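Beneath this line is the structure, given in structure tokens, with notes to follow.
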Amino acid sequence: MIIRKMLLLTLFSSLLSGCGWMGDYIPPDEIAPVSKAKGGFCFPIKKPGDYYAYYLSIRDRNAPERSGFNKLHPAIKIDHSQFCIPETYYSFPDSGEVRVDIALRSPTQKMKRRDIVSEFRMVKGVPQPFTADQYSVPTYDSED
């Protein structure tokens with residue numbers, strides 16, 4: 001009887017804390033190298049499906065989260081597997097280190113979200129992407 005109570009108490013506490021197998025899975029960040037195109041600054045989105053940009057953050061690479069430019073539901077679409085930020089939407093600096101975070105959501109895959117990260121150095125208005133080992137956070141480049 002005591003073992004059953006302990007088991008029930010353990011199960012109940014794990015549900016309250018959000019730990020365990022009941023969700024709370026946050027996928028690792030995906031890397032998206034930047035490129036400058038006619039349409040602005042573009043980031044490749046692998047297997048975009050019906051994903052849309054839910055949140056966009058652009059800040060100095062070493063600045064705290066939520067500082068800089070933050071936009072919930074940015075009016076930018078993923079087109080031809082590219083997420084392009086027009087220069088009329090946001091003006092990137094001519095120099096410095098930049099971090100761009102793009103949170104993607106899908107109307108058909110309610111439990112699955114994707115977080116895209118790009119970090120790069122701006123030199124005379126031209127982006128120079130960092131390599132994966134130069135990123136400030138651990139990232140994972142999804143192959144599936």
Side-chain angles (χ1 to χ4, degrees), residues 5-144:
K5 285 183 181 178
M6 293 294 286
L7 183 61
L8 197 58
L9 182 61
T10 303
L11 176 63
F12 184 69
S13 65
S14 71
L15 290 175
L16 286 178
S17 67
C19 297
W21 67 90
M22 296 299 294
D24 288 0
Y25 172 72
I26 298 174
D29 294 334
E30 298 174 38
I31 295 175
V34 64
S35 63
K36 190 171 182 182
K38 192 184 262 188
F41 287 75
C42 297
F43 307 88
I45 306 296
K46 294 179 182 175
K47 298 185 180 182
D50 64 352
Y51 281 93
Y52 62 93
Y54 176 77
Y55 179 75
L56 173 64
S57 172
I58 306 169
R59 59 186 161 94
D60 182 89
R61 183 178 185 221
N62 297 315
E65 283 189 41
R66 307 276 187 209
S67 65
F69 178 86
N70 298 288
K71 187 76 170 168
L72 189 61
H73 301 291
I76 301 173
K77 306 276 186 222
I78 299 170
D79 189 27
H80 295 92
S81 299
Q82 293 281 320
F83 181 82
C84 294
I85 302 171
E87 292 184 46
T88 55
Y89 190 83
Y90 180 82
S91 181
F92 283 88
D94 282 338
S95 62
E97 294 183 347
V98 178
R99 178 180 168 124
V100 175
D101 293 285
I102 307 163
L104 301 178
R105 301 289 186 271
S106 166
T108 59
Q109 298 188 35
K110 298 278 185 205
M111 298 300 285
K112 191 170 181 184
R113 74 181 221 202
R114 294 171 59 192
D115 294 313
I116 312 298
V117 175
S118 185
E119 291 185 342
F120 51 94
R121 181 175 291 109
M122 292 293 292
V123 179
K124 297 181 182 177
V126 178
Q128 297 180 348
F130 290 128
T131 60
D133 61 330
Q134 293 174 313
Y135 272 62
S136 62
V137 294
T139 56
Y140 168 75
D141 198 10
S142 176
E143 292 296 324
D144 56 339

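Quick caveat: nothing in here was measured; it's all calculated off a predicted structure. The figures here come from the full heavy-atom set of this structure, side chains too, leaving out hydrogens, waters and symmetry mates.
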Note: Val123 and Gln128 closest approach over all heavy atoms is CG2-OE1, 3.5 Å

Glu30 and Arg114, any side-chain heavy atoms less than 4.5 Å apart
yes

Please check if the number of heavy atoms outside Glu65 that lie under 6.0 Å from its CD is greater than 12.
no

Find out whether Val98 and Ile58 are in side-chain contact, i.e. whether some heavy atom of one side chain is under 4.5 Å from a heavy atom of the other.
yes

About how many Å separate CD of Gln82 and CD1 of Ile76, when rounded to the nearest 0.5 Å?
13.0 Å

Flag this pair as yes if the NZ/CZ of Arg113 is under 6.0 angstrom from the six-membered ring centre of Tyr55 and inside a 45 degree cone about the axis; otherwise no.
no

When the ring planes of Phe92 and Phe41 are compared, do they come out parallel, tilted or perpendicular, using 30° and 60° as the limits?
tilted

Run the side-chain hydrogen bond (donor to acceptor under 3.5 Å, both in side chains) test against Tyr54 and tell me which residues pass, sequence neighbours left out.
none

With the side chain counted from C-beta on, respond yes when Tyr52 and Pro107 share a heavy-atom pair under 4.5 Å apart, and no when they do not.
yes

Could you tell me which non-hydrogen atom of Ala53 sits nearest to which non-hydrogen atom of Ile102, and how far apart they are?
CB-CG2, 4.4 Å

Rounded to the nearest 0.5 angstrom, the NZ-CD distance for Lys38 and Glu87 is 13.0 Å

Say you draw a straight line from CG of Asp29 to OG of Ser118; how long is it, rounded to the nearest 0.5 Å?
11.5 Å

If I compare all heavy atoms of Arg105 with all of Ala103, which pair ends up nearest, and what's the gap?
NH1-CB, 3.8 Å

Tyr135 versus Arg61, closest heavy-atom pair with distance:
C-NH2, 3.7 Å

Exactly one candidate in Ile116, Val100, Leu72 meets side-chain contact (heavy atoms from CB on, under 4.5 Å) with Leu56; the answer is Val100

Are Arg99 and Phe43 in a cation-pi setup, meaning NZ or CZ lies under 6.0 angstrom from the ring centre and within 45 degrees of the ring axis?
no

For Ala32 versus Pro44, what's the shortest heavy-atom pair and its separation?
CB-O, 3.6 Å

Residue pair Ile45 / Tyr51, side-chain heavy-atom distance below 4.5 Å:
no

From CD (Glu119) to CG (Asn62), nearest 0.5 Å:
8.5 Å

List the steps, then state whether side chain to side chain contact (heavy atoms under 4.5 Å, CB included) holds for Arg59 with Asp101.
CA-CA 9 Å; Arg59 59 186 161 94; Asp101 293 285; 3.7 Å; yes

Please find the pair of heavy atoms, one from Phe130 and one from Gln134, that lie closest to each other, and give the distance.
CA-OE1, 3.3 Å

To the nearest 0.5 angstrom, please state how far the OG atom of Ser35 sits from the CZ atom of Phe120.
10.0 Å

